[in-house]
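Atoms within each ligand, like the ligands themselves, are counted from 1 in listed order.
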Amino acid sequence: MKDIGFVGLGVMGAPMAAHLLQAGFAVRVWNRTAEKAEALLAQGARRATTPAEAAAGAEAIITMVADDEALRHVVHGSDGILYSLSAGGVHLTMGTVSPQLLRQLTHEHRECGTHLLAAPVFGSKESAVGKKLWAVVGGQAAAFERCRPVIEAMCAGGTYLGEDPGAAAQMKLIINMLISTAVAALVQAFTLGRAGGLAADKLTEVVRRVFASPLYERYGTRLEKRDFDVYFPLKLMLKDLRLVLEMAAAAGVPLPHAAATREMVVAAIGRGFADADAAASLLRTWEATG
Ligand code: NAP
């Protein structure tokens, strides 16, 4: 596999596409906001003027867009990738979207003689830049084998979950629920620690000793340093919580921690933090309300 299309050059997509170029793939890129492609063009990518043009002639088209609506937008319609991807081509979707949409797209691709492979990723901006993402993969086994070098050019590796792309979305949403509820708990701990006069670096040190976890390490350090860079936009955390709560409601499984975390996120979005970093925004909101 050599010719790749890449759609969605946000916080995650831009460094992922850069890894493909560094690995020697020929990459044609499209992003809704065209300027975000400039840095990749300077590194050797070619510009596509529509998602369809990014997919035309590509063996695989990667999408790394925000949500279900964005994915539908780049797949469907006369400028969408669905009807321009050649027979046998693979649509590798790596954003976090609903299992239902992935199952619908699997069917639509099959009708067109193409394949859908879902590979949502764990890790944040630093992991994308450092090629440390971990993918959970669902879709046809043969499509996975063909795309394995592409995934390995962007990620540390992946876990294959079988033929159903929806399973990859379910796994991603369940683990994201664990992450967002842990981040919300950490934010509350830092807010209470600060209010009580505890030093943030000592709190991080003890958290690190008690919970040997990359998650507590990463988020604890960011909260301690009051790092307000955008690693994961808050509006995307709300989207993931909404999707996991819908999934849980359909299965009849209550998720009280996720529901409480969603309320914290709604409060922070109400303060104007939708596009700001999730953990940083929750901290600022909780400090202001605590
Ligand atoms: P981001 O920086 O907000 O980028 C979102 C991308 O989607 C941009 O390219 C944006 O285009 C595009 N987009 C949004 N709405 C669109 C529409 N209606 N039509 C076409 N394109 C549209 O988000 P990100 O952090 O890269 O995340 C991308 C995906 O990966 C999301 O599903 C997210 O949940 C998931 N994810 C994120 C992280 C993280 O830590 N950031 C980690 C794992 C997974 P514009 O540039 O024009 O806005």
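At under 3.5 Å, not a single nitrogen or oxygen of Val121, backbone or side chain, sits near a nitrogen or oxygen of ligand 1. Among the atoms of Thr96, some N or O lies under 3.5 angstrom from an N or O of ligand 1. Between Val65 and ligand 1, an N or O atom pair is found at a separation short of 3.5 Å. At under 3.5 Å, a nitrogen or oxygen of Ser124, whether backbone or side chain, sits near a nitrogen or oxygen of ligand 1. By the 3.5 Å distance cut-off applied to N or O atoms, Lys172 is not counted among the residues near ligand 1.
Residue contacts with ligand 1 for Val11 involve both N, CA, C or O and side-chain atoms from C-beta outward (heavy atoms, distance under 4.0 Å). With a heavy-atom cut-off of 4.0 Å, Lys36 touches ligand 1 through its side chain alone. Contact annotation for Leu236 and ligand 1: only side-chain heavy atoms (C-beta onward) come within less than 4.0 Å of the ligand. Of the heavy atoms in Val7, none comes closer than 4.0 Å to ligand 1. By the criterion of a heavy-atom distance under 4.0 Å, neither the backbone nor the side chain of Phe122 is placed next to ligand 1.
Looking from atom 22 (C) of ligand 1 to the surrounding protein, the closest heavy atom is Ala70 CB, 3.7 Å. Looking from atom 31 (C) of ligand 1 to the surrounding protein, the closest heavy atom is Ala66 O, 3.3 Å. Closest to atom 37 (C) of ligand 1, if we only count protein heavy atoms, is Met12 CG, 3.7 Å. In terms of protein heavy-atom proximity, atom 3 (O) of ligand 1 is nearest to Pro233 CG, 4.0 Å. Here the protein heavy atom with the shortest distance to atom 20 (C) of ligand 1 is His73 ND1, 3.5 Å. Distance from atom 42 (C) of ligand 1 to its nearest protein heavy atom, with residue and atom name: Gly123 O, 3.0 Å. Thr33 OG1, 3.4 Å is the protein heavy atom nearest to atom 45 (P) of ligand 1. Remark: minimum distance from atom 8 (C) of ligand 1 to any protein heavy atom is reached at Asn31 OD1, 3.9 Å.
The environment of Met177 atom CE is dense: over 12 non-hydrogen atoms of other residues, nucleotides or ligands sit within 6.0 angstrom. More than 12 heavy-atom neighbours from other residues, nucleotides or ligands sit within 6.0 angstrom of OH on Tyr160.
Within the listing of ligand 1, atoms 29 (C), 30 (O), 32 (O) sit less than 4.0 angstrom from a heavy atom of Gly95. Near Tyr231, meaning under 4.0 Å from one of its heavy atoms, ligand 1 places the atoms 39 (C), 40 (O), 41 (N). Residue-ligand proximity, Gly10 to ligand 1, at heavy-atom distances under 4.0 Å covers atoms 2 (O), 4 (O), 9 (O), 26 (O). Close approach of ligand 1 to Lys239 is summarised as follows: ligand atoms under 4.0 Å from at least one heavy atom of the residue are 31 (C), 32 (O), 33 (C), 34 (O). The ligand atoms of ligand 1 that sit less than 4.0 angstrom from a heavy atom of Leu9 are 9 (O). Interface atoms of ligand 1 facing Gly8, defined by a heavy-atom separation under 4.0 Å, are 9 (O).
Residues in residues 36-51 take part in these salt bridge (charged side-chain N to carboxylate O under 4.0 Å, His left out) pairs, two or more places apart or across chains: Glu38-Arg47.
Glu69 contributes atom CD, which lies 12.0 Å from atom NZ of Lys239 (distance to the nearest 0.5 angstrom). Note that OG1 of Thr191 is 9.5 Å distant from CG of Leu282, once rounded to the nearest 0.5 Å. The CG atom of Leu133 sits 4.5 Å away from the CE atom of Met12 when rounded to the nearest 0.5 Å.
Side-chain atoms of Tyr231 never come within 3.5 Å of backbone atoms of Ala278 as a donor-acceptor pair (strictly under, hydrogens ignored). The main-chain N or O of Ala182 is never found under 3.5 Å from a side-chain atom of His257 such that the two would form a donor-acceptor pair. A distance-only check finds no donor-acceptor pair linking the side chain of Lys125 to the backbone of Phe232 [under 3.5 Å]. Side-chain N or O atoms of Ser84 include none that pairs as donor or acceptor with a backbone N or O of Glu53 at under 3.5 Å.
Side-chain contact between Met64 and Val11 is absent, with no heavy atoms from C-beta onward closer than 4.5 Å.
Taking all heavy atoms of Arg32, Met64, Met16 into account, the minimum distance to atom 17 (C) of ligand 1 is reached by Arg32.
Between Glu246 and Arg242, at least one side-chain N (NZ, or NE/NH1/NH2) sits under 4.0 Å from a carboxylate O, which counts as a salt bridge.
Side chain to side chain, Thr63 and His91 meet the donor-acceptor criterion of an N or O pair below 3.5 Å.
Residues Arg28 and Ala55 come closest through the heavy atom pair NH2-C, 4.4 Å.
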Mind running salt bridge (charged side-chain N to carboxylate O under 4.0 Å, His left out) on Arg148 and Glu145 for me, showing each step along the way?
-> CA-CA 5 Å; Arg148 193 192 280 274; Glu145 282 314 317; 2.9 Å; yes
